[in-house]
Visitor: 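Take a look at this one; I'll ask things after.
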Protein chains: 2
Amino acid sequence: MANGTAPRTRRGVARREALLKAAEKVIGEKGFSAASIADITREAGTALGTFYIYFPTKEAVFHELVLEMGHATRAAVTQAIDGAPDRLAAEKNGLRAFLQFVAARPALYRIVEEARFVDPEAYRGYFTTFARAYATRLRAAAEAGEIAHGDQEVRAWALMGVAKTLGDRFVLWEEKPDLDHVVDSAFALIRDGLGPKP
Amino acid sequence: MANGTAPRTRRGVARREALLKAAEKVIGEKGFSAASIADITREAGTALGTFYIYFPTKEAVFHELVLEMGHATRAAVTQAIDGAPDRLAAEKNGLRAFLQFVAARPALYRIVEEARFVDPEAYRGYFTTFARAYATRLRAAAEAGEIAHGDQEVRAWALMGVAKTLGDRFVLWEEKPDLDHVVDSAFALIRDGLGPKP
DNA sequence: ATGATTCATGAATACTGATTCATGTTTCAA
DNA sequence: TTGAAACATGAATCAGTATTCATGAATCAT
């Protein structure tokens, strides 16, 4: 509900979910300011005022969507990484999983990017949380001799940047993305760098 | 002027420039929607209506700022690259120049990112133009044996992603950025990749 | 020096859209 | 079955701000 408790009836739960789904679609497509509450409730098939039964403000749904993106991407990437034989394999799987996620839920991806302006705290939180776990994994891998030594925090951010930008260009902007090719090319760069083979 | 011609008096030229500078500051700080025309003219020291003598709409100044960012970054990076002995050196210089630019004009950097939502055409144009030139340079370097072969377009976007994200995290979010360290760490990754030394 | 042109001003206009609320309807535990 | 609690509705409120415009001042080519 708008206050903070969960809905107490079946119908309430369903309505809230419908509104959240509608908000993801509408805000993802039109952007935060252009998306009106009326757009969202129309998409959800409810009356205008119903929105305010479940969310106190427009910012509140947005915030919740950013958190959802956080959980969903972490889950997708973690699962994809799980069982990889070594860190390099994990890198490749993780990149593929991220790009697949962007392809599956483009609206959520755009919402996180817009959070930079609409909800800066959440934006930083999203990436900082991700980066922390990422750097920790990289450090462990360096200890294990699976990857080169270096500043793993800088690397974590650099690698997140690669994934984000490839998502923009080769998933969102492409009619029929060739994910395998992009992943292969990017992974070759990540593993071996730009330097010429000796 | 609002129509499309340039100001015809000294004063007009100065006013337009003041408004553009004010818009960069205000929009960069508060974001596009939160920044009002009144904020911009107050910052510029002019009356409200004066804005519309020089720009037809709020979107128009924004668009001009995105173009300015395009020119300015290309100029900064091109100059930094100029005279580098080889492509790897150029990569390092270019990355440093970009991060220095972000540090010098953070508002412009944020404006370009917000263009993704406010002026998508300009946003794509900015990065596409940059990527095209970047990929061309990488191809030439691969021909010359200075870097490894591979899909240089994917690489160009991946490397732009690295620069963007490091700009966010280690320039915008850092009180006293240690650019040299970031550049060194990132460059090591770009040159050699994540793979362990044989 | 001067008047045609360009520019400056800010109050008034116009519109959009978030949020509220008074009035019903539905749900579900007992 | 039932009534207290939870939920649904959409017209009305309220606020903010982009844009216009009628009036007056500054500029500069001649």
Visitor: Nearest whole Å is fine: how far is dA18(D) C1' from Phe55(B) CZ?
Guide: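 Checked: the CZ to C1' distance equals 16 Å.
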Visitor: Starting from P on dT13(D), measure out to OH on Tyr52(A) and report it in whole angstrom.
Guide: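 From Tyr52(A) OH to dT13(D) P: 17 Å.
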Visitor: Closest-nucleotide mapping onto DNA chain D: is Arg10(B) or Glu59(B) further toward the 5' terminus? I mean the 5' end.
Guide: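 It is Glu59(B), whose closest nucleotide lies nearer the 5' terminus.
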Visitor: Would Asp39(B) and Ser36(B) count as having a side-chain donor-acceptor pair, cut-off 3.5 Å?
Guide: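 Yes.
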Visitor: Ignoring backbone atoms, establish whether Thr50(A) has a side-chain N or O less than 4.0 Å from OP1 or OP2 of dT9(D).
Guide: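 True: Thr50(A) side-chain N/O within range (under 4.0 Å) of dT9(D) OP1/OP2.
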Visitor: Starting at the 5' end of DNA chain C, which residue's closest nucleotide do you reach first, Pro56(A) or Thr9(B)?
Guide: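 Comparing both residues, the 5'-ward one is Thr9(B).
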Visitor: Check step by step if salt bridge (Lys or Arg N to Asp or Glu O under 4.0 Å) holds for Glu143(B) and Arg139(B).
Guide: CA-CA 6 Å; Glu143(B) 284 309 309; Arg139(B) 278 187 211 101; over 6 Å; no
Visitor: Find out whether Leu99(A) and Phe170(A) are in side-chain contact, i.e. whether some heavy atom of one side chain is under 4.5 Å from a heavy atom of the other.
Guide: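 No, too far: nothing below the 4.5 Å cut-off.
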Visitor: Do Lys164(A) and Phe127(A) touch side chain to side chain, with heavy atoms closer than 4.5 Å?
Guide: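 Counting from C-beta outward, Lys164(A) and Phe127(A) do come under 4.5 Å.
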Visitor: How long is the line joining CZ of Arg16(A) and C1' of dA6(D), in whole Å?
Guide: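 For the pair Arg16(A) CZ and dA6(D) C1', the rounded distance is 15 Å.
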Visitor: Assign Ala35(A) to base, sugar-phosphate, or nothing according to its heavy-atom contacts below 4.0 angstrom with the strands shown.
Guide: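 Sugar-phosphate, backbone atoms only, no base.
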Visitor: Could you give the start and end, 5' to 3', of the contact zone on DNA chain C for chain A, using atoms under 4.0 Å from its heavy atoms?
Guide: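 Boundary nucleotides touching chain A, in 5' to 3' order, are dA18(C) to dC28(C).
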Visitor: How close or far is atom P of dG16(D) from atom CG of Leu48(B), stated in whole angstroms?
Guide: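 The answer, rounded to whole Å, is 15 Å.
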Visitor: Could you tell me the separation between the CZ atom of Arg15(A) and the P atom of dT9(D), rounded to a whole number of Å?
Guide: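 So the two atoms are 5 Å apart, to the nearest Å.
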Visitor: Determine the contact category for Tyr54(A): base if any of its heavy atoms lies under 4.0 Å from a base atom, sugar-phosphate if only primed atoms, P, OP1 or OP2 are that close, otherwise nothing.
Guide: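 Touches sugar-phosphate only.
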Visitor: Go through the side-chain N and O atoms of Thr73(B) and Tyr126(B) and say whether any donor and acceptor fall under 3.5 Å apart.
Guide: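 Yes, side-chain donor-acceptor contact under 3.5 Å.
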Visitor: Just how far, in rounded Å, is C1' of dT9(D) from CZ of Arg11(A)?
Guide: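 So the CZ-C1' distance, Arg11(A) to dT9(D), works out to 11 Å.
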Visitor: Cut-off 3.5 Å, side chains only: do Arg16(A) and Tyr54(A) have a donor facing an acceptor?
Guide: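 The criterion, which ignores hydrogens and geometry beyond distance, is not satisfied for Tyr54(A) and Arg16(A).
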Visitor: Within a reach of under 6.0 Å around CZ of Arg132(A), are more than 12 heavy atoms found that belong to other residues, nucleotides or ligands?
Guide: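 No.
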Visitor: If you only use heavy atoms from C-beta on, which nucleotide in dA8(D), dA11(D), dA18(D) is closest to the side chain of Ile53(A)?
Guide: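 Side chain of Ile53(A) sits closest to dA8(D).
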